[in-house]
Participant: 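After the structure tokens below, expect a handful of questions from me.
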Amino acid sequence: MVKRLISADTSEVLQMSAQELKQSIKASEGRVVLSENFAPRECFVEDITNSEVASAFGADLLLLNGVDVFEPKISGLKAKTDEMIAKLHELTGRPLGVNLEPVDQNAKMAEDRLDISAGRKATSDTFRRIETLGFDFVCLTGNPGTGVTNAQIKDAIVQAKRAFSGLIIAGKMHGAGVAEPVVDLEVTSELLEAGADIILVPAVGTVPGFTQAQLCQVVSLVHQKGGLVLSAIGTSQESSDIETIKEIALLNKICGVDIQHIGDAGYGGVAPVENIYELSKAIRGVRHTVSAIARSINR
């Protein structure tokens, strides 16, 4: 058995296999914080990475957004391309993931399409690349307007399982520009059957019409099938006032999610640091928040 993530030292966490990390998250009983950072953007603090900032304020998992994995750029990080993720592991002591987007060129769009580089798309080549770079997990989802569909996410999971040994997070935190339901129980089952480890859903309070009752149904289904659930604040509400963040955090904890995500729509591509901190306090209290921010990465 493994130690729960919220109590584990860096030396233990970075040695975990994908399935050990999954069990470590599960054992933390809904008290894991994931911060998404828009990595190429000029940092909130210019000479250090947003990942270091987020981990300093309570993030347990770090998700890089906007990274072209063939030509990666992480603002504030000085390292050779193939050593970037190893260096970021060294600086943060946290598991690292990256967004790859399963773009559907035939998607029925609800808004203008945003074209992204090949290195940001979910393909066999990018999955092999992130395996080489050393990422711990991949998130198959869509940024606004990119045309990511649930059907393409399902196909991407199958491809990822062939080339990538890390955890697979899959789902949509908003429409990604496509005219289709963001959350669907049938689709959730299909993503799990395809091999997803963690299902991503919008946090209750972020997407219109997605209710606590619906989230509870998703959580029940996913847990029955051995998966985990990540609720995402991905609608720029990560920059809302503290009271909003705390309310969203408690609503989603009540529903039983395993990981709470806070997005990158703040100054310099990371959520306001006080909101990461308050999210952490809301779902696990001061004791575990202090543990997360004060525990040396040299342990």
Side-chain angles (χ1 to χ4, degrees), residues 6 25 28 30-39 41 44 50-51 53-66 94-95 97-99 101 137 139-146 148 169-177 181-183 188 198-212 214-216 218-219 222 228-284 289 292:
I6 59 171
I25 294 167
S28 299
R31 292 177 285 182
V32 172
V33 176
L34 180 152
S35 172
E36 183 175 2
N37 313 151
F38 199 90
R41 188 174 299 163
F44 174 61
N50 282 332
S51 293
V53 171
S55 61
F57 282 84
D60 308 290
L61 302 170
L62 301 168
L63 175 62
L64 305 185
N65 190 22
R94 303 294 197 268
V98 64
N99 279 335
E101 305 190 48
F137 60 96
C139 185
L140 304 175
T141 193
N143 278 290
T146 55
V148 169
I169 303 173
K172 299 177 76 171
M173 59 184 77
H174 47 65
V182 177
V183 182
T188 297
I198 302 168
I199 297 298
L200 183 158
V201 294
V204 172
T206 64
V207 170
F210 185 55
T211 67
Q212 285 179 268
Q214 289 172 301
L215 178 54
C216 287
V218 171
V219 170
V222 174
L228 303 179
V229 179
L230 178 153
S231 62
I233 307 175
T235 49
S236 295
Q237 287 166 277
E238 54 265 40
S239 59
S240 297
D241 61 279
I242 287 171
E243 293 306 315
T244 298
I245 297 298
K246 292 193 291 188
E247 182 173 0
I248 290 173
L250 290 176
L251 284 175
N252 289 274
K253 185 167 185 181
I254 288 168
C255 294
V257 303
D258 303 282
I259 307 168
Q260 295 213 30
H261 157 290
I262 185 164
D264 58 16
Y267 296 115
V270 64
V273 294
E274 62 270 27
N275 285 354
I276 301 172
Y277 179 70
E278 293 295 337
L279 171 63
S280 176
K281 283 204 302 178
I283 66 174
R284 58 191 178 192
T289 297

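Predicted model, so just to flag it, every value in this text is computed and none were measured. The basis for the numbers below is simple: all heavy atoms, side chains too, and nothing from hydrogens, waters or symmetry mates.
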Participant: Quick one: are F38 and N50 in side-chain contact, heavy atoms under 4.5 Å?
Facilitator: no

Participant: With rounding to the nearest 0.5 Å, note down the distance linking CD in E36 to CG in N99.
Facilitator: 5.0 Å

Participant: Could I get the full list of salt bridge (Lys or Arg N to Asp or Glu O under 4.0 Å) partners for D60, not counting sequence neighbours?
Facilitator: R284

Participant: So how far is it from L251 CG to L215 CG, rounded to the nearest 0.5 Å?
Facilitator: 9.5 Å

Participant: Could you measure the distance from the CG atom of N37 to the CG atom of L62? Nearest 0.5 Å is fine.
Facilitator: 6.0 Å

Participant: Check for a donor-acceptor pair, side chain of R94 on one end and backbone N or O of A59 on the other, with a separation under 3.5 Å.
Facilitator: yes

Participant: Would you compute the distance between atom CG of L279 and atom CD of Q260 and round it to the nearest 0.5 angstrom?
Facilitator: 5.5 Å

Participant: Below 4.5 Å, heavy atoms only, C-beta onward: do L61 and F137 meet side chain to side chain?
Facilitator: yes

Participant: Taking all non-hydrogen atoms of both residues, which atom of S35 and which atom of A54 are closest, and how far apart?
Facilitator: OG-CB, 3.3 Å

Participant: Going through the distances and angles, do D258 and I198 end up as a side-chain contact (heavy atoms from CB on, under 4.5 Å)?
Facilitator: CA-CA 9 Å; D258 303 282; I198 302 168; over 6 Å; no

Participant: Return all side-chain donor-acceptor pairs below 3.5 angstrom for residues 199-206, not counting sequence neighbours, or 'none' if the list is empty.
Facilitator:
residue: T206; atom: OG1; partner: A203; partner atom: N; Å: 3.4
residue: T206; atom: OG1; partner: A203; partner atom: O; Å: 2.6

Participant: Would you say the side-chain atoms of H261 pair up with the backbone N or O of I233, donor to acceptor, closer than 3.5 Å?
Facilitator: yes

Participant: Okay, side chain of E238, backbone of A265: is any donor-acceptor separation there less than 3.5 Å?
Facilitator: yes

Participant: Would you mind telling me which of L228, I283, V229, L230 makes a side-chain contact (heavy atoms from CB on, under 4.5 Å) with V257?
Facilitator: V229

Participant: With a 4.5 Å cut-off on side-chain heavy atoms, are K246 and K281 touching?
Facilitator: no

Participant: Heavy atoms, side chains only, cut-off 4.5 Å: are T235 and M173 in contact?
Facilitator: no

Participant: Could you give the distance from CG (N252) to CD (E247), rounded to the nearest 0.5 Å?
Facilitator: 10.5 Å

Participant: Heavy-atom distance under 4.5 Å between the side chains of T141 and V148, does that happen here?
Facilitator: no

Participant: Search all heavy atoms of S280 against all heavy atoms of V33 and return the closest pair with its distance.
Facilitator: CA-CG2, 4.0 Å

Participant: How many angstroms lie between atom NZ of K253 and atom CZ of R31, to the nearest 0.5 angstrom?
Facilitator: 6.0 Å

Participant: State whether the number of non-hydrogen atoms from other residues, nucleotides or ligands found under 6.0 Å of Q214 atom CD is greater than 12.
Facilitator: yes

Participant: Quick one: which residue pairs count as a side chain to side chain donor-acceptor pair (under 3.5 Å) with a foot in residues 265-276, not counting sequence neighbours?
Facilitator: none

Participant: Report yes if the side chains of I276 and V270 come closer than 4.5 Å at any heavy-atom pair, otherwise no.
Facilitator: yes

